[in-house]
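Worksheet for the structure shown next.
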Amino acid sequence: MAEDKDQRYDPATIEAKWQQRWAADPAFYAADPAETGKPKYYVAEMLPYPSGALHMGHVRNYSIGDALARHMWMRGYNVLHPMGWDAFGLPAENAALKNNTPPREWTLGNIAAMKRQMQRLGLSYDWATEVTTCLPDYYRWNQWFFLRMYERGLVYRKKSKVNWCPECATVLANEQVIDGKCWRHEDTQVELRDLEQWFFRITAYAQELLDGLDKLDGWPEKVRTMQRNWIGRSEGTEVEFGVEGRSEKIRVFTTRVDTIFGATSVQLAPEHPLVTALAAADPGLKVQVTQLIDEQKRAREEGDVGAIEKHGIPTGHFAVNPYNGELVPVWVANYVLTEYGTGAIMSVPAHDERDFEFATKYAIPIRRVIAPAGPHAEEPALPFTVEDGVLIHSGDYNGLSCVAAQKKLQEIASARGFGEAKVTFRLKDWGVSRQRYWGTPIPMIHCERDGLVPVPDDKLPVVLPAQIAITQQGGSPLARVPDFVNVTCPKCGEPARRETDTMDTFVDSSWYFYRYTDAKNDRQPFDPARVAYWFPIDQYIGGVEHAILHLIYSRFWTRVMRDLGLVTHNEPAQRMFTQGMVIKDGAKMSKSKGNVVSPDDMVARYGADATRMYALFAAPPDRDLDWQEDGVAGVSRFLGRVWRLTTKYASPAKTGRGRQISSPSGTSLKLLRKMHQTTAKITLDFEGRWHFNTCVAAIMELVNEIQAADAQLAAGDVPAPAMHELFSTLVLLLAPFAPFLSAELWSELGEDGAVLRAPWPRSNPALAKEDEIEIPVQINGKLVSLVRVPADAAPKDIETAALADEKVRARTAGKTIAKIIVVPAKLVNLVVK
Ligand SMILES: [Zn+2]
Ligand SMILES: [Zn+2]
């Protein structure tokens with residue numbers, strides 16, 4: 001039998017109606033100015049790359065942020081909930097090559113399409129604050145920041161080995177190389193090339209970025225750990241070895257200077273300047289060194305120099321240990337890298353795994369200089385890498401503990417001028433040059449006479465030329481645009497050449513969330529007063545894959561802005577949440593696996609409310625979610641039940657508006673109690689636990705109880721004021737999760753204001769409390785019965801009830817009860833002998 005049309009939940013009609021109303025009122029989701037007396041709440045989800053369509057991962061991320069934003073509005077906060085577009089980047093150029101569409105057109109078209117999807121989903125963004133990073137009104141400030149950083153020595157240019165993706169035809173940051181492959185091209189080996197590149201001196205903030213992590217207790221521990229490892233601080237000593245018969249010195253960094261008397265060789269990187277000098281005078285050596293360079297290059301391109309088959313060659317020269325004047329051979333080794341540390345290491349085979357392996361292979365002497373601590377310790381197997389020991393065979397330092405020796409030897413090095421204590425970091429400066437078109441032009445000019453000349457502020461923005469022919473030739477496409485390249489030098493007025501590299505797109509996302517607070521400002525990146533009001537972000541939400549890229553860069557950028565006097569805080573976000581992935585049939589959704597679920601399809605079939613609510617219901621937000629269409633259908637049926645029940649009882653509920661509930665009993669009490677319990681649970685979850693899946697489940701339980709009482713409701717057993725309280729609270733609880741249906745039902749209940757601005761319901765603890773509870777009774781730790789007692793029963797009364805229980809009496813008859821343990825409201829345990 002066909003359902004009566006009037007009795008059918010019709011999300012398409014309901015959602016279209018409310019979407020139109022909200023679109024007609026652009027201020028609906030706008031934040032109030034700072035003067036409002038309300039406390040502020042800034043929630044942001046990471047902005048998407050405008051690829052053309054939202055995927056389910058987006059829907060999940062935004063549904064979490066949206067539920068939170070709506071809840072905070074209802075809690076009376078002044079909420080800033082913005083959205084923007086990380087709009088520069090390679091796919092736009094690839095699309096241009098493929099479809100002959102200009103990158104700008106392609107990008108802006110995608111933005112329009114995705115914005116429509118977001119609006120269709122009912123996401124509560126204030127579009128007046130929208131930020132689009134590929135537009136000059138935004139990227140001019142990237143250029144402005146670049147110039148400020150250049151003035152402060154935080155930007156520099158140097159020739160360096162760079163990661164080059166042949167597929168992207170551009171340079172990649174270290175962070176964008178994953179196991180030797182391009183982060184965007186999983187099958188493409190990254191190559192190394194030597195190029196002049198622009199760098200941001202992020203290492204100047206390495207210690208501060210590390211220290212700051214300790215205070216970020218609102219961030220996931222895994223993100224903090226990933227950042228700590230990425231920054232990679234190590235403490236040690238830099239020591240200078242002399243070279244016998246030559247003027248050069250070899251500086252080595254070691255974390256174990258206490259083992260230096262066990263150094264039996266010094267190993268240099270194949271591209272160490274001393275090696276270059278020695279090889280220049282020794283053609284035989286040169287051939288061998290070239291081979292080591294090739295081996296190293298291949299290993300790096302394969303992504304794992306650590307796993308390289310270790311080769312080395314003796315140079316025939318000797319280094320001088322500065323502590324005792326001992327001569328040790330100088331080797332060149334393929335596993336030592338120029339750009340890490342000093343490009344040279346002292347090799348102590350007795351106390352280092354890698355050195356041991358190398359020395360064994362080449363029959364280099366192995367000398368033990370650390371003995372285990374303790375009087376009767378056995379001679380350990382080598383390599384003995386433990387730091388808990390004492391020095392032997394170490395001249396004047398014999399008998400010192402490792403730790404004491406490290407300190408002592410460090411002091412001697414600095415006193416005698418051949419070394420010093422040193423802290424090193426794994427973090428490298430951020431290479432930001434890209435030989436691509438679709439990015440922020442770097443605002444620098446190359447003049448033959450004046451060298452590097454910054455573009456003056458009043459000539460910003462340096463605008464990307466709109467129409468250019470993009471080809472897959474190497475080098476920057478901008479270099480082939482004469483109108484762009486040829487400029488007059490601002491200093492001398494002679495013809496000069498514009499920089500044609502563009503900035504890494506991670507520059508765009510390093511500060512975009514600041515711009516939201518003042519998106520239209522054309523005199524400054526933002527008004528510092530507005531940022532002072534809104535920052536730090538109260539809750540930032542995004543994928544854990546950004547833990548070491550975006551989330552380190554933006555912490556760096558915030559500190560740079562602080563040092564420029566623009567902000568007064570150190571960290572951009574107070575709390576960070578990383579949501580799990582959306583998978584299907586156990587695998588990440590991807591076109592190649594054919595398991596992609598389109599949000600548009602889901603919305604068309606089940607409505608935006610059901611799609612969003614399912615994304616929150618199917619798994620805890622921080623876990624992976626395996627998408628099941630049956631589950632969405634189930635949520636849709638549930639929303640239909642809410643709609644039918646609420647519309648069915650809307651009339652009596654309306655008449656109860658504004659009237660006091662007299663002490664409820666019977667069905668009223670049962671339903672109101674459940675309602676207050678549900679309210680308490682959801683409120684608590686929004687305060688930090690974020691188990692939105694169990695929140696939705698709790699609302700479902702409440703609705704099940706209402707449904708079960710349908711006959712009593714129909715019979716008028718529940719007075720109108722209680723009826724009103726019950727249904728209006730149900731709608732309020734639903735509002736963060738299913739905004740369209742809640743808006744519809746709120747108006748069905750005769751409320752005229754927006755549900756978004758209605759106060760969040762308060763749980764009444766007295767009403768939420770159960771009259772009676774069931775307490776498990778155990779005998780010797782084994783469950784034997786359940787007893788019903790008043791919820792607030794005293795331990796003595798619980799004990800009495802337990803002893804009076806028939807099953808308990810049967811099991812204890814004729815035995816001795818040695819002990820009775822009562823955990824109020826939880827458990828009784830009898831110890832019986
Ligand atoms: Zn690539
Ligand atoms: Zn000049």
Side-chain angles (χ1 to χ4, degrees), residues 49-51 86-98 103 106-107 147 150-151 157 161-193 195-197 297 300-304 430-439 441-460 462 470-477 482 484-509 545-546 548-550 588 590-592:
Y49 177 78
S51 56
D86 192 11
F88 273 138
L90 199 57
E93 278 177 72
N94 292 341
L97 280 168
K98 211 166 137 199
W106 184 82
T107 304
L147 294 172
Y150 181 71
E151 290 160 5
R157 191 171 153 83
K161 279 204 187 319
V162 292
N163 307 301
W164 179 270
C165 170
E167 198 65 34
C168 297
T170 192
V171 169
L172 304 176
N174 288 336
E175 291 84 343
Q176 290 162 339
V177 180
I178 296 148
D179 298 334
K181 306 282 199 312
C182 169
W183 69 311
R184 304 202 82 104
H185 300 99
E186 289 176 15
D187 302 322
T188 305
Q189 280 293 341
V190 171
E191 301 168 3
L192 286 176
R193 292 196 180 179
L195 285 176
E196 283 280 332
Q197 296 289 304
K297 185 161 179 263
R300 275 208 258 205
E301 287 172 2
E302 276 155 25
D304 197 358
W430 176 10
V432 293
S433 282
R434 297 292 180 271
Q435 287 68 46
R436 302 300 314 183
Y437 161 66
W438 193 234
I442 290 177
M444 297 298 285
I445 289 164
H446 302 271
C447 171
E448 280 198 12
R449 189 182 312 187
D450 301 308
L452 286 170
V453 182
V455 173
D457 279 6
D458 62 3
K459 294 285 188 302
L460 297 183
V462 176
I470 292 181
T471 64
Q472 214 143 27
Q473 297 164 30
S476 171
F484 180 82
V485 174
N486 299 319
V487 286
T488 305
C489 170
K491 234 179 187 166
C492 68
E494 295 295 314
R497 205 182 141 78
R498 208 183 268 293
E499 171 63 59
T500 55
D501 282 0
T502 54
M503 295 182 205
D504 181 7
T505 59
F506 279 98
V507 171
D508 306 318
S509 54
E545 66 274 18
H546 294 292
I548 50 164
L549 295 161
H550 164 56
K588 189 175 171 183
S590 79
K591 273 184 199 154
S592 61

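Order of appearance sets the numbers: ligands from 1, and atoms from 1 within every ligand. Worth knowing before you read on, the calculation uses all heavy atoms, side chains too, and leaves out hydrogens, waters and symmetry mates.
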Inset, instruction - Please confirm whether the backbone N or O of Arg436 pairs with a side-chain atom of Thr502, one donor and one acceptor, at under 3.5 Å? - result: yes
Inset, instruction - Kindly check if the number of other-residue, nucleotide or ligand heavy atoms within 6.0 Å of CD (Glu151) is above 12? - result: yes
Inset, instruction - Just to the nearest 10 degrees, tell me the angle at the Zn ion (ligand 2) spanned by Cys489 SG and Cys492 SG. - result: 110°
Legend entry - Ring geometry between Trp106 and Tyr49 (parallel below 30°, tilted from 30 to 60°, perpendicular above 60°): tilted
Inset, instruction - State the atom name: nearest N, O or S atom of His185 to the Zn ion (ligand 1). - result: ND1
Legend entry - Degrees at the Zn ion (ligand 1) between the SG atom of Cys165 and the SG atom of Cys168, nearest 10°: 110°
Inset, instruction - Specify whether an N/O/S atom of Glu494 falls short of 2.8 Å from the Zn ion (ligand 2). - result: no
Inset, instruction - Have a look at Asp450 and say which of its N, O or S atoms is nearest the Zn ion (ligand 2). - result: OD2
Inset, instruction - Taking the side chain as every heavy atom from C-beta outward, state whether Phe88 and Val507 have any pair of such atoms under 4.5 Å apart. - result: no
Legend entry - The single option from Asp457, Val455, Val462 passing side chain to side chain contact (heavy atoms under 4.5 Å, CB included) against Lys459: Val455
